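Worksheet: the structure to be examined is printed underneath.
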Amino acid sequence: MLLAIRYPEALDAAGFRRLLEAGGVSAWIGDLDGAAVGFAAARLVELADGTSLAEIDALYVLPEARGVGLGEALMDEVLAWAAGAGAAAVDAVALPGDRVTKNFFERYGMTARALQVHRRLAPPPSASDG
């Protein structure tokens, strides 16, 4: 279950490090029996009206560690942090067709408020084109 991932490159150690080094990101590591098996990352974004919004950049638990409440514990931490930081709301991304993720967020009272659509116009250049 990939709960939220605004930055898919965060799923490897180097990508997660780059996400954190970009600044403004708070992160949490979820562990079971001393082993890191999940993580969450979020940031505050100031809106035009002066209020702030917490954006969940990533929330992930390894497949073999799912089903024991670690995703929920990470989400609880993110929500507590956002409330403590004065955020007016929390946003996250659920990928199209990912009913498990949508259901997870709905349990926290989150609802869809926008549908982002995308169409690729050309294939990305390959490394050999350079």
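Please read all numbers here as calculations on a predicted model, not as lab measurements. Counting begins at 1 with the first residue of the sequence. All heavy atoms count here, side chains included; hydrogens, waters and symmetry mates do not.
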Checklist entry - Is there a chain of hydrophobic side chains (I, L, V, M, F, W, Y, each step under 4.5 Å between heavy atoms) that links Leu74 to Met110? => result yes

Item to check | Which residues share a side chain to side chain contact (heavy atoms under 4.5 Å, CB included) with Leu44, sequence neighbours left out | outcome: Ser52, Ala54, Trp81, Ala85, Ala87

Checklist entry - Who pairs with Arg107 by salt bridge (charged side-chain N to carboxylate O under 4.0 Å, His left out), at least two apart in sequence or on another chain? => result Glu72

Item to check | Pairing residues for Ala27 by the side chain to side chain contact (heavy atoms under 4.5 Å, CB included) criterion, not counting sequence neighbours | outcome: Phe16, Leu20

Checklist outcome for this item: All heavy atoms of Phe39 vs all of Ala58, minimum pair found to be CE1-CB, 3.5 Å

Item to check | Results of side chain to side chain contact (heavy atoms under 4.5 Å, CB included) for Glu106 - residues two or more places apart only | outcome: Arg99, Lys102, Asn103

Checklist outcome for this item: In short, Val78 meets Ala40 closest at the heavy-atom pair CG2-CB, 3.8 Å

Checklist outcome for this item: With sequence neighbours left out, the residues meeting side-chain hydrogen bond (donor to acceptor under 3.5 Å, both in side chains) with Asp31 are none

Item to check | Residues which pass side chain to side chain contact (heavy atoms under 4.5 Å, CB included) with Val45, listed by chain and number, not counting sequence neighbours | outcome: Arg43, Glu55

Checklist entry - If we only count heavy atoms from C-beta on, is the Val37 to Glu64 side-chain gap below 4.5 Å? => result no

Next on the checklist: My understanding is that only residues two or more places apart in sequence, or in another chain, count here; which of them pass side-chain hydrogen bond (donor to acceptor under 3.5 Å, both in side chains) with Asp33?
Outcome noted: none

Item to check | Atom pair CG/CG of Leu53 and Leu47 - distance to nearest 0.5 Å | outcome: 5.5 Å

Next on the checklist: Could you walk me through whether Met75 and Ile56 satisfy the side chain to side chain contact (heavy atoms under 4.5 Å, CB included) test, starting with their C-alpha distance in whole Å, then the side-chain angles of each, then the deciding distance to 0.1 Å, before giving a yes or no?
Outcome noted: CA-CA 9 Å; Met75 185 68 175; Ile56 299 174; 3.8 Å; yes

Next on the checklist: Within this structure, what is the CZ-CG distance for the pair Phe105 and Leu59, rounded to the nearest 0.5 Å?
Outcome noted: 5.5 Å

Next on the checklist: Just verifying a value: how many Å separate Leu70 CG and Tyr60 OH, rounded to the nearest 0.5 Å?
Outcome noted: 12.0 Å

Next on the checklist: Other members of the hydrophobic cluster containing Leu121, with the 4.5 Å side-chain heavy-atom rule, please.
Outcome noted: none

Checklist entry - Who pairs with Arg120 by side-chain hydrogen bond (donor to acceptor under 3.5 Å, both in side chains), at least two apart in sequence or on another chain? => result none

